[in-house]
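Here, residue 1 is the first one in the sequence, and each next residue gets the next number.
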Amino acid sequence: LISNRPSFFHHGAFSAAITGGDIAQMAISLDDIFATHSDVKVVHATLTSIDPDRKLAVCGHASYQYDTLVMALGSESDYSGIAGSHEHMFGARNIEQVRRFHDHLHATLVEDHHVERSYVIVGGGETGVELAGALRSYADELAKAHITRRAKVHITLVEAQSRLVPRHSHQASYHVAKRLKALGVDVLLNTRVERVDDEFVSIDKRKLPTETVLWAAGVRNNPFYLKHPQYFEVLSDGRVSVNPYLEAYRDIYVIGDNIDVKDAGRARSALDMAVYIADHLVRNVASRPLYPYRPSASLICISIGAHWAYAECLGIYVTGKLGSYAHRRAVMRSYLQIMPRAMADMAVASQTTKTRNL
């Protein structure tokens, strides 16, 4: 296993980590996860190139032989050319970005003691709406603890399309929007961000005063694939083309974010792909029949604020506390697929236990 990051950090834990969850407990060391797997060697390095003819994965000056290479390089934020985005916009794609935003949140609400703050989240997909709900509750908690009960904390969620969570059903969009409105989050639809600076975000020729803009919108594929066009076919939308068995080149499989497969980019789909590849490789070695990958009708869970979630599967949905229960079960199940029970319990508990340094 080659990874340029020492820890596993579930993307579903980002909103909890940003808003007071114990980041140290959520970031679980890969060495710890595989401590009891003597047949797994964890290499902390960055993949720089591959040599399919010699079947080598190259990491700088070191090379690793493979029979089959499975790549899950993930994606990175795509700010769509928005002026000032790199200098003035916060991200939520990795632990470092989470820590930076968490520290900024404390600095603006706890250290400055200003009674009015405005936060803008760009992107009304799953990540954006979950962050908006979590930030609403956490900002109020910080404000009451450190400023005054009359403190005003404004949360604005900006989405370029005509509805929230546009990849999901219209009923999901309706209930998510209703929940955010109940929490006091302002939602702007059909709206695009044009520019970000120190004091304002420019939206459709008007300015919203804010010192804090959090990006939860578009992503782009890992640039590694574009740098190796002789091995990977990258489509016009940036996704890697794979065959029905998720194979991009001979004995090289690509899974996870941004491959040309339905529902790619969701954490649940990435786990489904991993399970499929494990079974596929065993079948291949044992000369058993091979079956193409088919996305499962997985449970959709969107958690917004405390004790509320929207859960849907096969058109049947629940909201509120029952949805929150389904969400917790789904998160636990995803952790159990990749780590021992004790670690999974610790990771889930850390998402619901706020650090008490408010």
Side-chain angles (χ1 to χ4, degrees), residues 14-15 18-19 75-94 96-140 142-143 147 151-167 173 176-177 179-181 183-221 223 237-238 258 265 304:
F14 279 133
S15 59
I18 282 177
T19 57
S75 55
E76 57 186 36
S77 297
D78 180 9
Y79 296 117
S80 304
I82 298 172
S85 55
H86 290 281
E87 299 86 354
H88 305 294
M89 196 177 288
F90 291 88
R93 298 290 303 170
N94 54 54
E96 291 75 19
Q97 291 179 346
V98 167
R99 289 187 187 278
R100 178 171 171 256
F101 181 78
H102 184 268
D103 292 345
H104 170 80
L105 195 61
H106 269 257
T108 56
L109 276 174
V110 177
E111 297 173 15
D112 282 0
H113 293 278
H114 287 182
V115 296
E116 187 163 351
R117 286 291 177 185
S118 175
Y119 301 97
V120 176
I121 298 173
V122 183
E126 286 187 47
T127 300
V129 297
E130 290 195 347
L131 284 171
L135 183 57
R136 170 79 273 170
S137 300
Y138 189 56
D140 288 344
L142 284 176
I147 310 171
K152 295 181 180 179
V153 179
H154 304 280
I155 311 294
T156 302
L157 179 63
V158 180
E159 168 54 42
Q161 297 195 43
S162 60
R163 63 189 179 96
L164 298 177
V165 289
R167 294 180 61 181
S173 299
V176 165
R179 169 63 173 173
L180 289 174
K181 182 179 179 180
L183 291 176
V185 175
D186 294 327
V187 177
L188 302 179
L189 301 175
N190 297 308
T191 304
R192 294 184 180 275
V193 173
E194 300 165 347
R195 184 182 184 86
V196 182
D197 58 31
D198 284 333
E199 299 179 350
F200 295 94
V201 53
S202 299
I203 299 175
D204 290 347
K205 298 180 180 180
R206 63 191 179 100
K207 292 183 177 181
L208 291 179
T210 180
E211 294 179 354
T212 309
V213 181
L214 181 62
W215 182 260
V219 296
R220 62 187 174 200
N221 214 342
D237 61 1
N258 290 329
I304 304 179

Neighbour count above 12 (heavy atom, 6.0 Å) for Arg167 CZ: yes
Heavy-atom pair of closest approach, residues Tyr79 and Ser85: CB-OG, 3.3 Å
Identified side-chain contact (heavy atoms from CB on, under 4.5 Å) counterpart of Thr156 within the set Val201, Val185, Asp186: Asp186
Spatial distance of atom CG (Leu164) from atom CD (Glu159) [nearest 0.5 Å]: 6.5 Å
Atom pair CD1/CG of Ile203 and Leu208 - distance to nearest 0.5 Å: 4.0 Å
Gap between atom CZ of Arg195 and atom CD1 of Ile82 - 0.5 Å precision: 11.5 Å
Check: Trp215 and Gln97 side chains under 4.5 Å, non-hydrogen atoms: no
Residue Arg192 excluded, over 12 heavy atoms near CZ under 6.0 Å: no
Test item: Leu189 and Ser162 side chains (from C-beta on) under 4.5 Å apart, heavy atoms: no
All ring pair (Phe, Tyr, Trp, His ring centres under 6.0 Å) counterparts of Phe90, not counting sequence neighbours: Phe101, His104
Smallest separation among heavy atoms of Val165 and Gly125, with atom names: CG1-C, 3.8 Å
Ala216 versus Ile121, closest heavy-atom pair with distance: CB-CG2, 4.2 Å
Salt bridge (Lys or Arg N to Asp or Glu O under 4.0 Å) partners for Glu126, two or more places apart: Arg266
Working for side chain to side chain contact (heavy atoms under 4.5 Å, CB included), residues His154 and Val120: CA-CA 8 Å; His154 304 280; Val120 176; over 6 Å; no
